Enquirer: 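I have a structure here, written as structure tokens, and I will follow up with some questions on it.
Values reported hereafter were calculated over all heavy atoms of this structure, with side chains retained and with hydrogens, waters and symmetry mates removed. Source: prediction; values computed, not measured. In the text below, chain A, chain B and the rest are named by the order of the sequence lines, each starting its count at 1.
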Amino acid sequence: MKITVNGTPRDIAAPTLAAALDELGYGTDRVATAVNEAFVPSSARAGHALAEGDRLEVLAPKQGG
Amino acid sequence: MPVFYGTEIASPLMLGTAQYPSPADLSRAFQRSGAGVATVSLRREAAGGDGSGFWDIVRGLDIPLLPNTAGCHSAREAVTTAHMARDLFDTRWIKLEVIGHPDTLQPDPFGLVDAARILTDDGFQVFPYTTEDGILAGRLLDAGCEVLMPWGAPIGTGLGLNNPYGLRTLRGQFPDVPMVIDAGLGLPSQASQAMEMGFDAVLLNTAVARAGDPPAMAEAFAHALTAGRLARAADPMEPRDMAVPSTPVLGLAVLQ
């Protein structure tokens, strides 16, 4: 399934957001997620099915002012 | 000390975590200043990135974290970012930035009020980055904000308090609302001035992180804030136009 991860095209097999994060190598990283510009809480990732063409954003804690 | 949404912070210095020469400089700046709040952000992360390392550093500061929505130019973007921040940092606090123009980084007042209302209804405790406009301040309070963060000057400029009259008026118009001067400060004397005017705290980043010695500058800001807060509480004298001798005239020798 072709999706976009942080603006980069990726081809993944995982059917859900939680599985996709594992497949993409995020493992236990502390991240926040949005799919198609809509927030998906960490508690809902396992039940969130991905679809062809989805746009996934994966954000992490960063320096800020 | 300032109380924001029922939480008392240990210092009126709210310090950003960006642009330091090194993580060690960041940690030392917080240690030497005793800053009461650390502002943080969230950005795209590659798998195996350094997000975890930064998270360990800020968690080690052991002070409240205030995530921001920096870079958002619409209420929708800001609301989504705020939800992601709450998930990531496990806090209801959000420094709400809805930027109206890329050159001035001036807040978009309309998007700001819209986002503040949505986020308050969603259970967030909103710290809006706003201007000194009193009407806008009233709208933000109506939307549920219990803290206001007017700018001193545009972000990153170091120009200080650009509109002292407007800021004094805002302070006087809402005397009981906790207010933070957010952005534009370049020198500790400007932070002291903000406290003398009756503001409760300041939020700054670039002035410390871009100083030649960030930890020393952070400590300087902490001292300035203490001085300004004490001066405010000490009830400063009223300025006057004409000179008045401070040394008694009575008993002056006649030597002419």
Side-chain angles (χ1 to χ4, degrees), chain A, chain B residues 14-20 23 26 38-59 65-71 74 76-77 79-90 95 97 105 122 129 155-156 182-183 203-210:
Chain A
M1 171 167 57
K2 288 183 170 53
I3 65 170
T4 304
V5 181
N6 288 345
T8 302
R10 300 292 298 261
D11 204 343
I12 63 166
T16 67
L17 177 54
L21 289 176
D22 278 341
E23 184 180 334
L24 291 164
Y26 286 100
T28 58
D29 289 358
R30 193 178 187 90
V31 294
T33 48
V35 176
N36 301 333
E37 295 82 47
F39 167 60
V40 180
S42 49
S43 58
R45 286 177 197 153
H48 188 101
L50 292 176
E52 184 82 18
D54 275 353
R55 298 176 301 281
L56 171 59
E57 291 285 336
V58 184
L59 306 187
K62 293 290 176 183
Q63 297 82 353
Chain B
M14 303 166 73
L15 193 54
T17 55
Q19 305 184 76
Y20 290 83
L26 186 162
T39 58
V40 292
S41 187
L42 56 167
R43 287 291 181 268
R44 282 176 168 178
E45 173 82 330
D50 68 349
S52 298
F54 176 68
W55 171 245
D56 290 340
I57 291 172
V58 294
R59 197 172 46 174
L65 301 180
L66 178 59
N68 68 29
T69 64
S74 70
R76 185 166 181 268
E77 266 183 293
V79 167
T80 302
T81 302
H83 278 280
M84 296 177 84
R86 183 164 65 177
D87 203 30
L88 202 53
F89 294 105
D90 198 24
K95 177 187 170 185
E97 294 184 33
L105 300 182
D122 281 342
Y129 163 62
I155 296 170
D182 176 15
L203 197 166
L204 54 97
N205 190 154
T206 311
V208 165
R210 289 301 195 200

Enquirer: Kindly say whether A:G64 contributes a backbone atom to a donor-acceptor pair with the side chain of B:T17 at under 3.5 angstrom?
Expert: yes

Enquirer: Chain A heavy atoms under 4.5 Å from B:E97: which part of the residue, side chain, backbone, both or neither?
Expert: side chain

Enquirer: Under the criterion side chain to side chain contact (heavy atoms under 4.5 Å, CB included), I'd like the reasoning laid out for B:R44 against A:L59: C-alpha separation, chi angles, the key distance, then a yes or no.
Expert: CA-CA 4 Å; B:R44 282 176 168 178; A:L59 306 187; 3.8 Å; yes

Enquirer: Please give me the minimum heavy-atom distance between A:P61 and B:W55, naming the atom from each residue.
Expert: CG-CB, 4.1 Å

Enquirer: I need the minimum non-hydrogen distance between A:A60 and B:E45, along with the two atoms involved.
Expert: CB-CB, 3.4 Å

Enquirer: By a 4.5 Å heavy-atom criterion (distance strictly below it), what part of B:L203 contacts chain A: side chain, backbone, both, or neither?
Expert: side chain

Enquirer: Using a 6.0 Å cut-off, check whether atom CG of A:D11 has over 12 heavy atoms from anything other than its own residue.
Expert: yes

Enquirer: Please rank B:Q19, B:H83, B:R43 by heavy-atom pairs under 4.5 Å with chain A and give me the top one.
Expert: B:R43

Enquirer: Closest approach of A:F39 and B:T80, non-hydrogen atoms and distance?
Expert: N-CG2, 4.0 Å

Enquirer: I'd like to know if the side chain of B:N68 reaches the main chain of A:G65, judged simply by a donor and an acceptor atom lying under 3.5 Å from each other, with no hydrogens or angles considered.
Expert: yes

Enquirer: Count the heavy-atom pairs under 4.5 Å between each of B:L66, B:N205, B:T206 and chain A, then report the option with the highest count.
Expert: B:N205

Enquirer: Looking at A:T33, A:V40, A:L21, which makes the most heavy-atom pairs under 4.5 Å with chain B?
Expert: A:T33

Enquirer: Main chain of A:S42, side chain of B:D87: is a donor-acceptor contact present, judged purely on distance under 3.5 Å?
Expert: yes

Enquirer: Got a second to check how far B:L42's CG is from A:Q63's CD, nearest 0.5 Å?
Expert: 12.0 Å

Enquirer: Hey, what do you get for CD (A:E57) to OG1 (B:T81), rounding to the nearest 0.5 Å?
Expert: 9.5 Å

Enquirer: Would you say CZ of A:R45 has more than 12 non-hydrogen atoms from neighbouring residues, nucleotides or ligands within 6.0 angstrom?
Expert: yes

Enquirer: Please flag which part of A:T28 lies under 4.5 Å from any non-hydrogen atom of chain B: side chain, backbone, both or neither.
Expert: neither

Enquirer: Without swapping roles, check the side chain of A:K62 against the backbone of B:F54 for a donor-acceptor pair under 3.5 Å.
Expert: no

Enquirer: Pick one of side chain, backbone, both or neither for B:R86, based on which atoms fall under 4.5 Å of a heavy atom in chain A.
Expert: neither

